There are 2 protein chains.
Amino acid sequence: MQTTPATLEESHPADICSARPSRHARPDGQDRYTISEVVAFTGLTAHTLRWYERIGLMPHVDRSHTGQRRYSNRDLDWLDLVTKLRLTGMPVADMVRYAELVRAGSDTYRERQELLEQTRRDVLGRIAELRDTLAVLDRKISFYATEGTTR
Amino acid sequence: MQTTPATLEESHPADICSARPSRHARPDGQDRYTISEVVAFTGLTAHTLRWYERIGLMPHVDRSHTGQRRYSNRDLDWLDLVTKLRLTGMPVADMVRYAELVRAGSDTYRERQELLEQTRRDVLGRIAELRDTLAVLDRKISFYATEGTTR
DNA sequence: CGCTTGCTTCGAGTGCACTCCAAGGTCATA
DNA sequence: TATGACCTTGGAGTGCACTCGAAGCAAGCG
């Protein structure tokens, strides 16, 4: 018995520091979710999940004997990452690129690292912009607050 | 002689605390910029500037005697705000709504305040999300950093 | 058995925010 | 005054990220 690997590229003996407890794991250890279960977990639509697969943004998803998708915890973790990256404004095409690198194996570690570091810089920049905007909003809100009460 | 009002809704005797020095002001105090000057200042395209006007996102922009646009410092400050709000992910339609409130005069102070406060909450949420994502990125980057060097 | 629910595929449609085009008028400078 | 860069308009086009629809197969249940 072992804990579930956190994400695709980290399913490696040495990845303990980065492994998270899977919040999706079933009591019985079952690891095959239908698309509608994944919809419930992720908030994505079934259409979007299938579309992700079509454009190469998902690793191969397992199928039932009748051809229906059966998602693993690993798939769920991957979707978690994708969702987070989407929030940073990363274009889908870039995520597809990352997915390709993951599929290509551990030879691409260096390139993946660079890609994530660039993304990291982008995220820091976005946060700085948002803080800037927050300052403007606060000035304006306090203007309206005083004007709204003093007249 | 007086300083330039900072933004549309704050051109009010009591708005000194919120006034910024206009970084665009010309030495000769001239206050009528061509569209290409505004392009240079804002980084927006001329197409986008005209489109903003068409959809009601700009206050009325002054024209030369031959019908060409002449932007004021106030217009520039408004564009600054719009650009910041865009970065927060606020839909253009919401900004148009805000612009309408500004046009409608000081009766809408309360509503404008509420709109900005909602936006403020959204921005705080976005920042939290981005920080979350940053944590994930950092974990993955350090994974690749150690894996990349130890094998 | 019939019914409901959920799944499959592919291709077409949607909404947003621009982005560009064509045809023509204007402005600064050599 | 001529040249070339810049400006005007309305409408059409683009790219992204979904989002939906149609037709049909499969599983569970009263």
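All figures in this text were calculated on a predicted structure; none of them were measured in a lab.
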- Taking NZ, NE, NH1 and NH2 as the nitrogens, is one of them in Arg120(A) or Glu117(A) under 4.0 Å from a carboxylate oxygen of the other? no

- Message: Looking at every heavy atom in both Arg103(A) and Met58(A), which two are closest together, and how far apart are they?
- Response: NH1-O, 3.5 Å

- Message: Could you check whether Glu111(B) pairs with Arg97(B) (Lys NZ or Arg NE/NH1/NH2 to Asp/Glu carboxylate O, under 4.0 Å)?
- Response: yes

- Cut-off 3.5 Å, side chains only: do Glu114(A) and Gln118(A) have a donor facing an acceptor? no

- Message: Heavy atoms within less than 4.0 Å of DNA chain D: which residues of residues 119-129 of chain A have one? Give them sorted by number.
- Response: none

- Angle class for the Tyr98(B)/Trp78(B) ring planes (parallel below 30°, perpendicular above 60°, tilted otherwise)? parallel

- Item | Shortest non-hydrogen separation from Val123(B) to Leu130(A) and the atoms involved | CG1-O, 3.7 Å

- Taking only the side-chain nitrogens and oxygens of Ser36(B), find out if one of them lies under 4.0 Å from OP1 or OP2 of dC7(D). yes

- Task: Please name the residue in the list Leu57(A), Asp75(A), Ile35(A) that meets the side chain to side chain contact (heavy atoms under 4.5 Å, CB included) test with Leu49(A).
- Result: Ile35(A)

- salt bridge (Lys or Arg N to Asp or Glu O under 4.0 Å) pairs, two or more places apart, involving residues 57-66 of chain A: Arg32(A)-Asp62(A), Glu53(A)-Arg63(A)

- Query: Can you tell me if the side-chain N/O atoms of Arg69(B) get under 4.0 Å from OP1 or OP2 in dT8(D)?
  - Reply: yes

- Note on the structure: Heavy-atom closest pair (Ala99(A) atom, Gly56(A) atom, distance to 0.1 Å) is CB-O, 3.6 Å

- Query: Is there a side-chain contact (heavy atoms from CB on, under 4.5 Å) between Lys140(B) and Arg112(A) once you walk through the steps?
  - Reply: CA-CA 9 Å; Lys140(B) 285 188 178 290; Arg112(A) 291 190 230 168; over 6 Å; no

- Query: Do the non-hydrogen side-chain atoms of Leu137(B) and Leu85(A) ever get within less than 4.5 Å of each other?
  - Reply: yes

- Query: For dA26(D), does OP1 or OP2 lie under 4.0 Å from any side-chain N or O of Arg63(A)?
  - Reply: no

- Query: Leu44(A) and side chain to side chain contact (heavy atoms under 4.5 Å, CB included): which partner among Val38(A), Leu79(A), Val39(A)?
  - Reply: Leu79(A)

- Message: Tell me which pairs pass salt bridge (Lys or Arg N to Asp or Glu O under 4.0 Å) where either residue lies in residues 84-95 of chain A, with sequence neighbours left out.
- Response: Lys84(A)-Asp132(B)

- Message: Contact list please: residues 46-58 of chain A against DNA chain D, heavy atoms, distance less than 4.0 Å, in numerical order.
- Response: His47(A), Thr48(A), Trp51(A), Tyr52(A)

- Message: It should be established whether Thr66(B) places a side-chain nitrogen or oxygen under 4.0 Å from OP1 or OP2 of nucleotide dT8(D).
- Response: no

- Message: I want to confirm an ordering. Mapping Leu44(A) and His65(A) to their closest nucleotides on DNA chain D, which one lands closer to the 5' end?
- Response: Leu44(A)

- Segment of DNA chain C, first to last nucleotide, that comes within the 4.0 Å heavy-atom reach of chain B: dA17(C) to dC27(C)

- Message: Below 4.0 angstrom, which residues in residues 84-93 of chain A have at least one non-hydrogen atom near DNA chain C?
- Response: none

